[in-house]
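Values below: every heavy atom of this structure, side chains too, minus hydrogens, waters and symmetry copies.
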Amino acid sequence: MKSAVETLSPTRAKLTVEVPFEELKPSLDAAYKAIAQQINVPGFRRGKVPPMVIDRQVGRGAVLDQAINDALPKKYVEALQENSLEPLAQPEIEVTKLEDNDHIEFTAEVDVKPQIDLPAYEGLEAQVEDIEISDEDVDEQVQSLRERFGTLADVERPAAEGDFVVLDLKAMKDGEVLEGAEVTGMSYQVGKGGMIDGLDEALVGMKAGDDKTFTSQLVGGDLVGEEVEVAVSVSQVQEQELPELDDEFAQLASEFDTSEELVADVRSRLGNGKRLEQAAEARDAVLEALLEKISVPLPETMVTDELNARRQNIEQQLMMAGITMEKYLEDEEQTQEEFEAELDRRVRDAVAAQFLLDEIAKKEELGVDQQELSQHLIRRAQQSGQDPQEFANHMFEHNHIPELVQEILRGKALAVLVESATVKDASGNVLELKNLQPDGTIMEQPAEEPEAAEATEAPAAGADAEAGIENDTEDAQA
């Protein structure tokens, strides 16, 4: 087999492959055998029809078509390997020459990974915001904890914001109750929002036994955006009674003996969470610093597919949250054009970052062992709410394991990148990213055994970076 490659663009190549007929013989033999099992020819048993008879009965062209369809995918892969090309999509294959008993020639156009000359990536510098934990943040968390242990008591007065009501609700169009738009006996906190526009305003001032009708717009279903009539009736108004923040509550709601210890733990946990958020910001900032040092050519087909996937994901999330795109853009103070431009920029940065991380993984000669793959499979299964064994079986059956391995390698490459960088907060403090644990705490490194400690920390840092790569879509939109 001979092959030659023509570079059509930095991200697209055209392979021309010439295959001598002797290399097609296994596929030709298989084609004759398969066809012999499918046809009935008088004087011959099924499966024993000679090739020359098949050529007369079925036609040599049909045999060649079947043999070529069998052989071309294998020859295409051989040509890719021979020319060190990494495809990014399915190729466009065309048979350009067929000389029976001599050779065939075909071309394959395909998007390929661009050749990248990595810039120096050790010691990148980046800056992130300071960690700020306000008393209001702590009070909000403590309040949420108290609400978890709160009780509800019926009251005779009208409902106010923060009260709970037991209600019946139905949405109607032209006097007909809409399918799936009726609930009864539901407990709802006034002011919570997220159900239907206008409901909270209608409930304020209603007492047990009151009915009210108002108009609203649907945000989902076949009638999305249309005006409907909503009837709501209240059967109970309940006031939430919260436990006092004292030592008794601390002992009930936590492992602490005093309320002071409980509040201190809340503040500490908030700090850990903020530290993880800061680390994610640092990861993005370091990647951005690397992207600023190089221009990576991107295949437009891949960018378009990723744009469509992300746009669809956003629309699904908004629909599940009961928010229209118009409302989302209004809340974000963005026009449709600004949203699309920002999405396009983020997608291009994400695709370019993947290419760069792949190159770093190669240069650093990073690998993946069985334990890392198993842990990654379990983590991905948990994220998608699936049984780990069923998820793993699906990945193996559909040949998605190489993609998962690539995700792990990108995570490790990102860990190398971030751990070698110098990241400071706005106050000039250097972040301790290398020793950051998954719970947001900082692991202290034993002074007497620094090498052993470093070996222990590396997997945690790699796992954290790996999680960042998996959640790139969500992070970008957030």
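Here the side chain of D130 pairs a donor or acceptor atom with the backbone of A426 at under 3.5 angstrom. A side-chain donor-acceptor contact under 3.5 Å links K212 to the backbone of A202. Not a single donor-acceptor pair under 3.5 Å links the side chain of Q316 to the backbone N or O of N313. The main-chain N or O of L85 is never found under 3.5 Å from a side-chain atom of N83 such that the two would form a donor-acceptor pair. Proximity of a side-chain donor or acceptor of D387 to a complementary backbone N or O of Q389 within less than 3.5 Å is detected. Judged by distance alone, with hydrogens and angles left aside, the side-chain atoms of D168 form a donor-acceptor pair with the main-chain N or O of G185 at under 3.5 Å. Formation of a donor-acceptor pair under 3.5 Å by the H376 side chain with backbone atoms of E372 is not found in this model.
Taking CD from Q386 and CD from E390, the interatomic distance works out to 7.5 Å, rounded to the nearest 0.5 Å. Distance check, rounded to the nearest 0.5 Å: CD of Q141 to CZ of R146 gives 14.0 Å. The CD atom of E86 sits 13.5 Å away from atom CG of D111, with the distance rounded to the nearest 0.5 Å. The distance from atom CG of L287 to atom OH of Y121, rounded to the nearest 0.5 Å, is 13.5 Å. Within the model, atoms CZ of F164 and CD of Q189 stand 3.5 Å from one another, a figure rounded to the nearest 0.5 Å. Between the CD atom of E18 and the OG1 atom of T107 there is a distance of 13.0 Å, given to the nearest 0.5 Å.
Residues L88 and V112 are not in side-chain contact: their nearest non-hydrogen atoms beyond the backbone lie 4.5 Å or more apart. M325 places a side-chain heavy atom less than 4.5 Å from the side chain of L318. Contact of the V19 side chain with the H103 side chain is not registered, since no non-hydrogen atoms from C-beta on lie closer than 4.5 Å. Here the side chains of D163 and L203 are not in contact, with every heavy-atom distance at 4.5 Å or above. E403 places none of its side-chain heavy atoms less than 4.5 Å from the side chain of M395. Considering only heavy atoms from C-beta on, E419 stays 4.5 Å or farther from V286 through its side chain. Taking 4.5 Å as the limit, some side-chain heavy atom of I68 sits within range of a side-chain heavy atom of L98. Looking only at side-chain heavy atoms (C-beta outward), T215 and V230 stay at 4.5 Å or farther from each other.
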Would you mind writing out the side-chain donor-acceptor pairs for residues 71-82 within the sub-3.5 Å range, not counting sequence neighbours?
{"unit_1": "K74", "atom_1": "NZ", "unit_2": "D70", "atom_2": "OD2", "d": "3.3"}
{"unit_1": "K75", "atom_1": "NZ", "unit_2": "E23", "atom_2": "OE1", "d": "2.9"}
{"unit_1": "E82", "atom_1": "OE2", "unit_2": "S3", "atom_2": "OG", "d": "2.5"}

Could you tabulate the donor-acceptor pairs under 3.5 Å formed by side-chain atoms of residues 291-298, not counting sequence neighbours?
{"unit_1": "K293", "atom_1": "NZ", "unit_2": "A120", "atom_2": "O", "d": "2.7"}

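The pair E342-R346 meets the salt-bridge criterion, since a charged nitrogen lies less than 4.0 angstrom from a carboxylate oxygen. Taking a cutoff of 4.0 Å between a charged side-chain nitrogen and a carboxylate oxygen, K113 and E359 do not qualify as a salt bridge. Taking 4.0 Å as the cut-off between side-chain N and carboxylate O, R12 and E92 count as a salt-bridged pair. Between K170 and E176 there is no salt bridge, since no side-chain nitrogen of the basic residue lies less than 4.0 Å from a carboxylate oxygen of the acidic one. Ion pair R380/E407 flagged as a salt bridge, since at least one NZ, NE, NH1 or NH2 atom sits closer than 4.0 Å to an Asp/Glu carboxylate oxygen. Looking at D358 and K362, no side-chain N of the basic residue comes within less than 4.0 Å of a carboxylate O on the acidic one, giving no salt bridge. Ion pairing between a basic and an acidic side chain is recognised when a charged N comes within 4.0 Å of a carboxylate O; E229 and K173 show no such pairing. D135 has a carboxylate O that lies under 4.0 Å from a charged side-chain N of R267, or vice versa, which qualifies the two as a salt bridge. Ion pairing of R311 with E340 is present here, as a side-chain N (NZ or NE/NH1/NH2) and a carboxylate O approach within less than 4.0 Å.
Surrounding CD of Q115 are at most 12 heavy atoms belonging to other residues, nucleotides or ligands under 6.0 Å away. Other residues, nucleotides and ligands contribute only 12 or fewer heavy atoms inside 6.0 Å of the CZ atom of R269. Around CD of Q371, the count of heavy atoms belonging to other residues, nucleotides or ligands within 6.0 Å does not exceed 12. For E179, the CD atom is loosely surrounded, since the number of other residues' heavy atoms within 6.0 Å does not exceed 12. Counting heavy-atom neighbours within 6.0 Å of E201 CD, excluding the residue itself, gives a total above 12. Crowding of E129 atom CD: a count of heavy atoms from other residues, nucleotides or ligands under 6.0 Å not exceeding 12.
Across A289 and E125, no two heavy atoms sit closer than the pair CB-O, 3.9 Å. The minimum heavy-atom distance linking L409 with V368 is given by the pair CD2-CG2, 3.6 Å. P388 and A381 get closest at one heavy-atom pair: CA-CB, 3.6 Å. In terms of heavy-atom proximity, D137 sits nearest to E132 at OD2-O, 3.9 Å. Shortest non-hydrogen contact noted between A159 and V165 is CB-CG1, 3.9 Å. Between L377 and F391, the shortest heavy-atom contact is O-CD2, 3.6 Å.
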Check the pair E6 / T16 against side-chain contact (heavy atoms from CB on, under 4.5 Å), numbers first and verdict last. CA-CA 8 Å; E6 177 186 354; T16 300; 5.9 Å; no

Start with the C-alpha gap between D200 and Y188, add the side-chain angles, then the distance that decides, and say whether side-chain hydrogen bond (donor to acceptor under 3.5 Å, both in side chains) holds. CA-CA 10 Å; D200 291 312; Y188 176 79; 2.8 Å; yes

Pair D425, Q278 - check side-chain contact (heavy atoms from CB on, under 4.5 Å), show working. CA-CA 9 Å; D425 62 21; Q278 189 185 55; 3.9 Å; yes

For Q382 and R379, what are the C-alpha separation, side-chain angles and deciding distance, and is it a side-chain hydrogen bond (donor to acceptor under 3.5 Å, both in side chains)? CA-CA 5 Å; Q382 291 171 339; R379 184 161 52 250; over 6 Å; no

Test side-chain contact (heavy atoms from CB on, under 4.5 Å) applied to T441 and L436, step by step: CA-CA 6 Å; T441 59; L436 183 64; over 6 Å; no

Using the rule given for side-chain hydrogen bond (donor to acceptor under 3.5 Å, both in side chains), can you reason through R275 versus N272, listing the C-alpha separation, both sets of side-chain angles and the distance that settles it, and then say yes or no? CA-CA 5 Å; R275 195 175 292 113; N272 293 340; 3.0 Å; yes

As a quick check of understanding, evaluate side-chain hydrogen bond (donor to acceptor under 3.5 Å, both in side chains) for N429 and S427, giving each step before the final call. CA-CA 6 Å; N429 302 307; S427 299; 4.6 Å; no

Let's go through L414 and R283 carefully: what are the C-alpha distance in whole Å and the side-chain angles of both, what is the deciding distance for side-chain contact (heavy atoms from CB on, under 4.5 Å) to 0.1 Å, and is it a yes or a no? CA-CA 8 Å; L414 184 55; R283 180 198 73 218; 3.2 Å; yes

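The aromatic rings of Y328 and F339 lie perpendicular to each other, with more than 60° between the two planes, well past the 30° mark.
Defined by atom type and a distance below 3.5 Å, a donor-acceptor pair is missing between the side-chain atoms of E397 and H394.
Among residues two or more places apart in sequence or in another chain, the salt bridge (charged side-chain N to carboxylate O under 4.0 Å, His left out) test is passed with D65 by none.
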